Amino acid sequence: MKALMSIGALVGVVGLLLLVGMIFDVIPSNTVRLVEGYMPFQMLLEFTCYVAGFAGLSYMASSIGMAIPRFWQGIGFWAFVLLYLKFRVYPPIPFSVRAMYGTVSLVAVFMWVSANEEDWKEFKRPIMNVLDASSGTNKLLRYAYLILLPIIIGGFSFNAMVPKSEEPIELRTVHPAPPASTKVHGKTFVLQTSQNPYRVNPEGKYDQEFTNANIVEQGMGRLMKPNANPWDEKNEGYLKYVREGGEIFFQNCHFCHGDNLNGRGLHAFAFNPIPANFTDPGTIAQLQETFIFWRVSKGGIGLPNEGFPWASVMPPWEQHLTVDEIWKVVLFEYWHTGYYPRTWD
Amino acid sequence: MGRVTRKNLFSIMALCAMVGLLLLPIVMALPSPATGEEAPTADGAKKDGDKVEKGRDVYYKTEGIVVGAPAPKTMDGPRDYPRYNFESRVLLWFANQQHLYYGSFVLAVPIFCMVIEFMGVMTKDKALAKRYDQLAYDFIKISLTAYSLTAILGGILIFTFLTLYPAFFGYLSSIFRPVMHIYALMFVAESGTLYVYYYGWDKMKEGFLKWIHLSMSVILNVIGTLLMMLANSWIGFMMSPAGVDEQGRFLGNIWHVIHTALWNPLNVHRLLGNMAFGGGVVAAYAAYKFLASKTDEDRAHYDWMGYIAMALGVAFLIPLPFAGYWLMREVYAYRQQMGITLMGGLLAWLFIIQATMIGILFLSTNYYLWQAMGRMRGAEKYQRYIKYLVFLLACGYLVFITPHTMVMTPAELKAMGGQQHPVLGNYGVMSAKNGGINVIITTTVLSFVWYMRGNKVSTVSWAKFGNIFMGVFFACAYINIIWLAIYGYYIPANVRVGLSVPQVATTLSCLFFMFALNSVMMKGAKQMGPIEWGKISVRSQYALIMLATAFTWMMGLMGYIRSSVRLFWHVNEIMRDNSPWAYTHTTGFAANMISFNVLFFWLSILFVFWLGSLAAKKAPVEAKAGVPGSVPQPAGSH
């Protein structure tokens, strides 16, 4: 047990040193890289390691007679969560999300330190000591709080009320509900039932499973499946359509959406927000092909009322591409990212 | 003997009368199923020759003879939308929400009474049986005053509809005319049954008469549930109309109008929601009484009452997310647009708030259970592991509430380099959220298991093996849930939706198998000490109040979301809302309005509690018989 806790303590110390380095900008946040494709699990895993490390540190401190008071354990852990979110995770997390996480972790800390009566008493003791002014130092602290707390709260209030010239927060609806149907080049497409005419098997029939089996491997590297190279001139059917979609993509779309389809094209950073990142599991992977068809056809100008604040400069591609070309581009986007279009069956 | 026979006879007659009341609306509805007139038949149609017009059902796609008028095309003005100098929609919202709160409460509490009374009848321990009986009586007593308020609020709601939305209500009542009459008759039946059930409590407390009394509670609940289902048919019709043609003309089949695409999931979701809500309100009542108690005896009684109410509420809270999931699935199946508006579009932020509230419910429950372990000697052995449960809960909760679309300033958006955060954005999708909520529920089950064995040590010969098995089972459950959440990112969406089944199955396996195994292991277990009812921290009681407030807030929120998803339709795609208020409120306004409704409900129910306490002061001393310390363990706890 002691050996296990020693390892935990070592992990805790190393982790803390790294975090302190990141806070003071001695060590860049990406020194320990967040690996693309595994980031969310990596973050949870790191967090778990920190908790295990703190448990080890606490155990070791107790065993050498230098137990950390419960009050400082609680406050310290909460401070750690706030600092970790602010300085470790990159790109920076918006304040609204950090505020949510901070509140939840504060509640979690409260639940931990007050889960039983002894812990709660121990946690409260320094607070009660100050309130009771049980010693000279505590008395001094009590006066300090009496003066400082109203000033701090007043400062926060002033800061909240003072007029600011910052751009207002936007509650953007990224995926507004699509219409039931859309008319492109005079033809009406019902979004719930329409299918990509080029998502076909060698017999020429619509076939999700066949096409899904020929998309690139997901994860790092995005490898092509063996014998499924769309740029092989001999390929016909689905893979040929993917190639044609790719050609249309690189002629029209990649300037903004990037040659890796990650929204970081040549012109991308002229816009805010930058174009959609198709490799993110929160974009096309969540949507039906017909949704993408509708968005590509109608562009930013065709966003419905719900799509506030309509922050999209994408052209309505129906003015430049044929229906077939749009379907092929959509096909290519799914092939390249390795995602499957959403279906409802 | 003669007196007892007469009592039996009267009781059986009362029971038969209740059954009669229950069947009366159905019998009355039989000769005239649709319009209150002779329903047109094919023969009738032939007689009228070509004058008969046929229409196609918008949902069932069947043909039927048009028997109703088209949905009115309303215009903004005093004819269709008479008003005060105030937003009519907000007035209606308030009236509706208050009626729903009370309605849910008075439908849920009799179900609790039935369960608790049944537990009392089945318990061999006479002292415990008496306590169960008294608890059931206390519950029904609380609901009785609330019942009158429900009826009054129902009246206010109808008057609000009639005076502020006459065209819409006229159309709805023209379609649901027979259903509305049946509803009114059911209400009469419910009232009659409730009063006989309540006032006959003392007279029917033993032997055969007790069974008659228990049967009355079953009938009472059947009527209550039917009432709820009929009311649900109206909102189901407004969201997913059926039984009418494209112009909204009724096609003569009342069952189609009732049995819309969303009716059944709404029924299940509302029934479970009402039960969880009812448990929360009673638990809050018990907490309030506990905090106000002056004696240890009272504290013990209300501690026990709060525990039972909480346990019942949580028992229905656990399946509630799954029922909600089914409802959403059906919404998507009915109209994809509606589903996206709810969960990915305009109303998605409200779902983040809902996730936050669900998390609060589970966190409060866990916290209460940990606090409750403090009144058991021997439960200390679990205390030091609670921090790990906190960690699991917090991680699950953080993932569960992470928004897909984050609120940020344009500067933050630019710094982030895209709309989706590459790390946290992944928590914003369904796969991660399913994992998050299942981790939370499984942890709650684990807390319950620890609570159930808090002051006991198993004496079965295979106890060690049983403990190891349980530990491994829970560990495997966590691994399976988390693994499936990760795996969900790598498979098609339709398969991913299906993955929720094994995740839910894992969670429910923990619930049922572990509870069953634990019960077997704890049979004849060595007691480390009694449960010292009343010796629980006051924080636990605030957790119960938090639980109830979160339930109330969430009900208000979900009601608003469900109603808002119709956007600018009174009846989806059939009758357009042309009032000046046919827009979706801002999230802030909606949150304030929900908070106001919650506050009003709690203030008014405090009044109800106070009225209840006035009656209690006059109650005979016998009612407080057999309390704590000596209190045998309630069946729900061990």
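Everything numeric in this text was worked out from a predicted model, so none of it was measured. Letters A, B, ... mirror the listed sequences (proteins, then strands); counts begin at 1.
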So which of [options] has the biggest tally of heavy-atom pairs under 4.5 Å with chain B?
options                      : result
A/Phe269, A/Phe291, A/Phe110 : A/Phe110
A/Met39, A/Glu118, A/Gln42   : A/Met39
A/Gly307, A/Ala285, A/Pro179 : A/Pro179
A/Pro176, A/Ala268, A/Pro178 : A/Pro178
A/Thr48, A/Val89, A/Leu191   : A/Thr48
A/Asn277, A/Leu44, A/Leu34   : A/Leu44

Counting only heavy atoms closer than 4.5 Å, note whether [X] contacts chain A via side chain, backbone, both or neither.
X        : result
B/Ala348 : neither
B/Leu424 : side chain
B/Ile352 : side chain
B/Leu342 : neither
B/Thr356 : neither
B/Leu346 : both

Determine, for B/Asp577 against B/Arg566, whether the closest basic-nitrogen to carboxylate-oxygen distance falls under 4.0 angstrom.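 Salt bridge absent between B/Asp577 and B/Arg566.
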salt_bridge(A/Glu117, A/Lys124) N-O dist < 4.0 Å: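 Between A/Lys124 and A/Glu117 there is no salt bridge, as every charged N stays at least 4.0 Å from the carboxylate O atoms.
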Is the backbone of A/Gly265 close enough, under 3.5 Å, to the side chain of A/His257 for a donor and an acceptor to pair up by distance?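 No; judged by distance alone, with no hydrogens or angles, the pair does not exist.
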Need one label for [X]: side chain, backbone, both or neither, based on atoms under 4.5 Å from any heavy atom in chain B.
X        : answer
A/Tyr90  : backbone
A/Ser114 : both
A/Val107 : side chain
A/Leu287 : neither

Between [options], which has the largest tally of heavy atom pairs under 4.5 Å with chain A?
options                                : value
B/Pro410, B/Ala394, B/Gly345           : B/Pro410
B/Ile360, B/Leu413, B/Ile482, B/Thr409 : B/Leu413
B/Arg335, B/Glu380, B/Gln420, B/Met373 : B/Gln420
B/Tyr397, B/Trp370, B/Tyr427           : B/Tyr427
B/Met408, B/Met406, B/Met338           : B/Met408
B/Pro422, B/Cys395, B/Gly359           : B/Pro422

Check for me whether the distance between the ring centres of B/His585 and B/Tyr583 falls short of 6.0 Å.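 Between B/His585 and B/Tyr583, the centre distance is under 6.0 Å.
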Taking the six-membered ring for Trp, are A/Tyr339 and A/Phe278 ring centroids under 6.0 Å apart?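 Judged by ring-centre distance (under 6.0 Å), A/Tyr339 and A/Phe278 do not meet the cut-off.
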So, A/Thr211 and A/Tyr340: side-chain donor and acceptor under 3.5 Å apart, yes or no?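 On atom types as modelled, these side chains do not qualify, holding no pair under 3.5 Å.
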Let me know which of B/Val390, B/Leu446, B/Thr444 forms a side chain to side chain contact (heavy atoms under 4.5 Å, CB included) with B/Asn366.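 Only match with B/Asn366 under side chain to side chain contact (heavy atoms under 4.5 Å, CB included): B/Thr444.
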Are the side chains of [X] and [Y] in touch, meaning some heavy atoms are under 4.5 Å apart?
X        : Y        : answer
B/Leu389 : A/Met111 : no
A/Asn116 : B/Ile386 : no
A/Asp119 : B/Gln383 : no
A/Met43  : A/Tyr84  : yes

Nearest 0.5 Å please: distance from the OG1 atom of B/Thr549 over to the CG atom of B/Leu544.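 Taking OG1 in B/Thr549 and CG in B/Leu544, the distance rounds to 10.5 Å.
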Let me confirm one number: the NZ-CD distance from B/Lys387 to A/Gln73, rounded to the nearest 0.5 Å.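 The distance works out to 8.0 Å.
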